[in-house]
Each structure stands twice: as structure tokens, then as C-alpha cells.
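Report on the structure given below.
Residue numbers begin at 1 in each chain, while the letters A, B, ... track the order of the sequences. Computed over heavy atoms, backbone and side chain alike; hydrogens, waters and symmetry mates excluded.
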Amino acid sequence: MSQVRVRFAPSPTGFFHIGSARTALFNWLYARHTGGTFILRIEDTDKERNSEAFLNVIYESLNWLGLNWDEGPKVGGSGGGNHGPYRQSERGAIYKAYVDRLMAAGRAYEKDGAIWFKLLGERYEAFDDHRKKTVTKVRIPPVAIEDQIRGRVERLEDEDFVIVRSDGNPVFHLVNVVDDIAMEVTHIIRGEDHLSNTSKHVLLFEGFGAKPPAFAHIPLILKQNGPGKMSKRDQGALVEEYQRRGYLPEALVNFLCLLGWNPGDDREKMAIADIIRLFDLPGVNQSNARFDDKKLAHMNMVCLLEQPAERFVGLARDYLARQDTPVAQAALATEAPFFRDVMLLSQPKIKGLEELPAYTGYFFTEDFPIDAKVRDKVMAKGDPKARLGELAEMLATADFSSDTAIEEAIKALAAKNGLGFGDYQAIARLAASGTNVGPSITGMFRVLGRERVLARFGRFQ
RNA sequence: GCCCUCAUCGUCUAUCGGUUAGGACAGGAGAUUCUCAAUCUUCAAAGCGGGGUUCGAUUCCCCGUGGGGGCACCA
């Protein structure tokens with residue numbers, strides 16, 4: 001029975017946080033690394049905040065990240081295992097049975113309408129400074145765990161605590177432990193914010209006569225600016241935002257892996273298969289990590305550059321299809337080969353798919369804007385109108401079949417007039433695209449085609 | 001206030017007692033190029049403080065300081 005079973009247990013709040021994503025990721029990696037089972041369990045005991053739409057946020061984010069679960073909701077008919085149901089809202093009877101066992105064993109009692117877990121030891125009264133009242137304490141030895149990441153951690157738990165509220169609802173600590181026992185979870189990989197809860201959990205495991213699983217508390221992700229851990233309200237905290245902005249899931253996954261873990265050498269960009277092979281719990285860092293969107297953006301660019309042509313064109317199409325702007329509509333309405341050419345011309349130049357509309361807009365309409373500031377700057381130097389005329393005349397009969405053919409033609413023209421390529425470049429770009437940034441003008445001309453280029457030159461004032 | 005935990009460039013990190021303390025992102029400079037990116041070269045940038053242990057500590061121990069988390073009939 002050395003089969004690893006790990007679980008990711010989010011509660012459906014309507015948001016899928018970057019920190020949750022990493023917790024899910026580390027659990028998933030460990031399961032895949034060990035050939036174990038990755039369980040998705042929904043902690044939806046808070047009925048007020050629970051809804052089907054909120055559940056979908058979780059499913060969609062996990063799916064997008066590629067973190068498939070072996071047991072849990074939406075897996076086959078029975079949840080992919082015989083440990084279901086996997087939503088806590090459907091496990092009430094199980095919790096009740098476990099609490100009854102505790103009561104029968106004298107490890108739980110009722111007080112003020114709630115059910116309390118009973119610590120076994122000498123009792124005494126003490127004044128609690130924080131709560132400003134006298135409480136009953138219990139003398140027991142501190143609870144010690146051997147954390148897979150932090151080593152030995154000891155903490156004293158010296159008060160009975162509530163496990164079922166007076167309204168009949170079981171509390172987090174109880175359901176969490178009961179489910180981990182019932183689902184035969186072997187490793188609990190969770191955020192460090194739960195480290196202080198672990199003593200309660202261990203006591204509960206023992207109260208149920210169960211051997212506590214291994215614990216691994218991973219460091220937290222701190223917000224980019226300001227103090228504290230990242231929370232849902234922080235800029236860039238939601239997974240769906242990256243999905244919406246056209247980030248590649250493998251880029252986010254790779255980035256998240258590096259926040260608190262590394263392969264032990266200088267490798268950063270890695271295939272997921274390699275990460276799975278190299279990942280292990282003792283390799284996880286102990287200190288919190290600050291989120292860095294610049295590094296994420298860089299990782300995304302690296303991934304984008306690596307994409308095979310057809311995949312990139314597909315990604316670009318998918319991204320634009322979600323935009324619902326005139327530019328995106330126009331782009332999608334063009335012939336597939338033209339669309340493809342434009343995207344492949346842009347692939348090595350952009351840092352993210354979200355730059356696409358602004359970067360390629362002028363390819364898809366004749367009604368593109370002319371940047372006034374750029375125009376002023378370009379027109380102020382030399383005699384751009386004359387250069388444009390010479391270029392138009394030459395291009396009317398030039399070979400448009402390849403970038404190099406166009407390049408040679410322009411260079412020949414420049415040489416003939418005792419000028420350089422640069423004397424033609426700026427005005428040609430401005431007339432053809434309305435701006436001063438973009439792919440090489442030779443590529444731009446080839447893709448636009450002679451007719452369009454000359455027409456744009458002709459219209460340029 | 002109490003408890004737990006962490007500590008290397010601005011940021012993410014490597015180093016498992018002996019290194020010119022390495023890499024990446026961000027930043028500076030340069031090269032290249034038809035612009036902008038990318039790319040290449042290059043510069044700047046770190047062991048929180050104080051005690052120990054040791055021939056020798058970034059590395060091990062203690063104290064302090066600082067950061068983070070937790071102290072509910074929230075999850």
C-alpha cells in the first residue's frame with residue numbers, strides 16, 4: 001500500500017487564485033511523479049457562497065492548466081473511484097457517522113449546542129490575554145509532525161475545539177480530516193497558511209484511530225507590491241485573467257513551478273514531462289516567493305517563440321476569436337493563407353498574443369490610422385515624399401516573391417540614388433502601416449502584396 | 001499579545017563547511033538590423049545584525065531584527 005494519493009480541495013468561491021493553482025499543480029506533479037492518484041475534492045460546505053457556476057471556474061481553470069484529476073467530480077459516473085462523493089455538500093452522512101464514533105469513544109462532547117473535540121489530559125483554568133477571558137486548558141504534549149518540506153515542526157494544542165457548529169454544520173478541520181481518512185489520502189500538500197492547523201488535524205486523525213498522512217507545507221506566494229500574501233483582489237491574482245489575455249498555460253505552469261521549486265540547476269524553461277520527472281517534495285523551498293509578472297511575461301514569450309507555425313496560427317486565431325473587436329473580426333474574416341502569413345510574420349516579434357490586434361491591425365483594413373507623431377517625425381527628415389515616389393515606381397515592377405527579392409530591389413534603388421535602405425524604410429513603413437513599429441518592411445510588403453502596397457502609397461498624403 | 005515559520009543581487013533562485021558566491025527576470029551600456037522586438041556581448045547588483053562551533057562559515061547552533069502565516073461555532 002505505498003500507492004500515493006493526494007488531493008486538491010478548493011472551495012468554490014467564484015475565483016481561482018494563482019496560489020490555489022500552484023497548490024493544485026504541486027499536488028498534481030507529485031501524483032504524476034510517483035504514479036499516484038490526484039483527487040479533486042470540492043469543499044462546498046458553505047452553502048451561501050456555493051453555486052454551479054463557481055464550480056465551473058475550478059473545472060475550467062484546472063483543465064486549462066492541464067491538471068487532470070483521477071478522482072473527483074466529472075470523472076466517469078462514480079467520480080473515478082470508490083471514495084466518493086467528492087463534494088462535501090454531499091457527504092453529510094459520513095461526517096455524522098464519524099462524529100458519532102467520536103462521541104461513542106468519549107472523544108467528543110456537546111456544549112452550548114456545539115460538538116467539541118476533547119483533548120485527553122489534566123484540565124486547568126487560565127486567562128487568555130488575546131480573548132480577554134478565562135478558558136479551560138488541557139495539559140498534553142505538543143504535537144510533532146515531520147513535514148516533508150520543513151522538517152520537524154512542533155506545536156502545542158491545549159484547548160478543546162469545536163468540530164460541529166451549533167447550527168449542525170461540521171467545521172473545516174473535521175470534514176478535512178474525515179475526508180482525508182475516508183479517501184485514504186497519503187500526502188497532504190497544502191499552503192503554509194495551514195501549518196498552524198496541522199496540530200488540530202493530527203489530533204483528530206489520532207482521535208479517529210487513524211495514522212496521520214505525510215504533510216508537506218509549501219511556501220506562500222506574496223503579492224507583487226506591498227505586504228502580505230497574494231489575495232484574489234490583487235492585480236494578476238486570477239488564473240482566468242491569464243487565460244483571457246492569451247497566455248499559454250504551459251508558460252503559467254512553468255512559471256508557477258519555479259516559484260518555490262527548481263530542478264537543482266540553472267534550467268528554467270522545461271517541458272512538463274521533465275518537470276514531472278524531476279519534481280519532488282524535498283526539493284520545494286521553504287521561503288515565500290514574491291510574484292513577478294515580468295518574469296511570467298518573459299516565460300510566455302519564450303513559449304510563444306517555440307510554438308510550431310500551425311500551432312501558433314491556431315492560438316492566434318483562438319485568441320482573436322474571443323476578442324469581439326472590429327480588428328479581430330476583420331482579421332478572422334480574411335483568407336486563411338493571408339491570416340497565416342500575417343501571424344507568422346508577427347510570431348517572432350510579439351511578447352504575447354494580446355499584442356496581436358494592435359500589432360497586426362493594419363494588415364486587415366485599408367482604413368488604418370496614421371500615427372500623427374510618427375508622421376511628423378518621419379516627414380521632417382530628408383525628402384520622404386520623393387523617396388516614396390521612387391519606391392512606388394520601382395515596386396510597380398519589382399519581384400514580390402520573397403523577402404530577399406524585395407530587399408535586394410530596395411537596396412539597388414537606394415544605391416542608385418546614393419542613399420541607404422534606411423532612407424526608404426521609415427516612409428515606406430509609415431505609408432504602408434501608419435506607424436513606426438512592426439515586422440520588416442520586406443516581409444510586410446510580401447504579405448500585403450504589390451497592389452495593396454502601391455494603393456497605400458498612392459493614398460498617403 | 002501568544003504560537004508556528006522563513007531569511008543569498010530590486011525579484012525568482014543555485015551553493016548540500018573551503019567557489020573570483022553562479023543563473024534567470026527587471027535595469028544600464030554596446031553590437032546587429034529597415035523600425036520595434038528578439039538575439040549576442042557587457043556593466044551594475046546579494047550572503048540582515050551579533051554571538052558561538054570550526055583550521056575555515058552564506059552553509060551548523062543560539063540570540064536579536066525583519067518578513068510571512070496562524071490564534072473563530074471561516075475555509
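Among the atoms of the strands shown, base atoms are found under 4.0 Å from some heavy atom of A/E192. Across all strands, A/N436 comes closer than 4.0 Å to base atoms (heavy-atom distances). Across all strands shown, A/G113 has no heavy atoms under 4.0 Å from either base or sugar-phosphate atoms. A/P227 comes within contact range of the sugar-phosphate backbone alone, with a heavy-atom separation under 4.0 Å but no base atom that close. Within 4.0 Å (heavy atoms only), A/R150 reaches sugar-phosphate atoms of the nucleic acid but no base atom. Backbone-only contact: A/M301 has heavy atoms under 4.0 Å from sugar-phosphate atoms and none from a base. Within 4.0 Å of A/S166, counting heavy atoms only, lies at least one base atom of the nucleic acid. No engagement by A/E407 is indicated, since no non-hydrogen atom pair under 4.0 Å with the nucleic acid exists.
As the counterpart of B/A21, no nucleotide is assigned, since no Watson-Crick or G-U wobble pattern has both distances under 3.5 Å. Base pairing of B/U53: no nucleotide in any strand meets the Watson-Crick or G-U wobble criterion (both distances under 3.5 Å). The base-pairing partner of B/U59, taking Watson-Crick or G-U wobble contacts with both distances under 3.5 Å, does not exist among the strands shown. For B/G27, the paired nucleotide is B/C43, the pair qualifying as Watson-Crick or G-U wobble because both relevant distances are below 3.5 Å.
Remark: aromatic rings of A/H33 and A/F26 are distant, center separation not under 6.0 Å. Aromatic rings of A/F279 and A/W261 (six-membered ring for Trp) have centroids within the 6.0 Å cut-off, being under it.
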inquiry  = Base contacts versus sugar-phosphate-only contacts with protein, heavy atoms under 4.0 Å: please encode nucleotides 57-63 of chain B as B, S and - from 5' to 3'.
reply    = -------
task = Can you check each nucleotide of nucleotides 20-25 of chain B against protein heavy atoms at under 4.0 Å and return B for base, S for sugar-phosphate only, - for none, in 5' to 3' order?
result = --BBBS
ask   = Where do A/H173 and A/H201 land on the side-chain hydrogen bond (donor to acceptor under 3.5 Å, both in side chains) test, with the steps shown first?
value = CA-CA 6 Å; A/H173 303 299; A/H201 296 182; 2.9 Å; yes
inquiry  = Please determine whether side-chain contact (heavy atoms from CB on, under 4.5 Å) holds for the pair A/Q286 and A/I149, giving the CA-CA distance in whole Å, both sets of side-chain angles, and the decisive distance to 0.1 Å.
reply    = CA-CA 7 Å; A/Q286 306 180 18; A/I149 293 168; 4.2 Å; yes
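The interatomic distance linking A/M444 (CE) with B/U33 (P) rounds to 19 Å, in whole Å. Summarising the geometry, the separation between CD1 on A/I350 and P on B/C36 is reported as 18 Å, rounded to the nearest angstrom. Look at CD on A/E159: it is 14 Å from C1' on B/G70, rounded to the nearest Å. Put simply, CZ on A/R165 is 4 Å from P on B/A75, counting in whole angstrom units.
Looking at the side chain of A/S287, the nearest of the listed nucleotides B/A7, B/C4, B/C73 is B/A7. Of the candidate nucleotides B/C73, B/G69, B/C12, B/C12 has the atom nearest to the side chain of A/A289. Considering only side-chain atoms of A/Y359, the nucleotide from B/A75, B/C36, B/G69 that sits closest is B/C36. Distances were taken from every side-chain heavy atom of A/L220 (C-beta onward) to each of B/A75, B/C4, B/G69; the shortest belongs to B/G69. Counting only heavy atoms from C-beta on, A/N262 has its side chain closest to B/U13 among B/U13, B/G70, B/C3. Taking every side-chain heavy atom of A/K229 into account, B/G69 is the closest of B/C3, B/A26, B/G69.
The nearest heavy atom of RNA chain B to A/K351 and to A/N197 marks one nucleotide each, and the one closer to the 5' end goes with A/K351. Remark on RNA chain B: of its neighbouring residues A/V437 and A/R290, the 5'-side contact belongs to A/R290, judged by nearest-heavy-atom nucleotide.
Summarising the geometry of A/F312 relative to A/M343, their closest heavy-atom pair is CE2-O, 3.4 Å, with the distance given to 0.1 Å.
A/Y247 does not carry A/R245 over the face of its six-membered ring by the limits of under 6.0 Å from the centre and within 45° of the normal.
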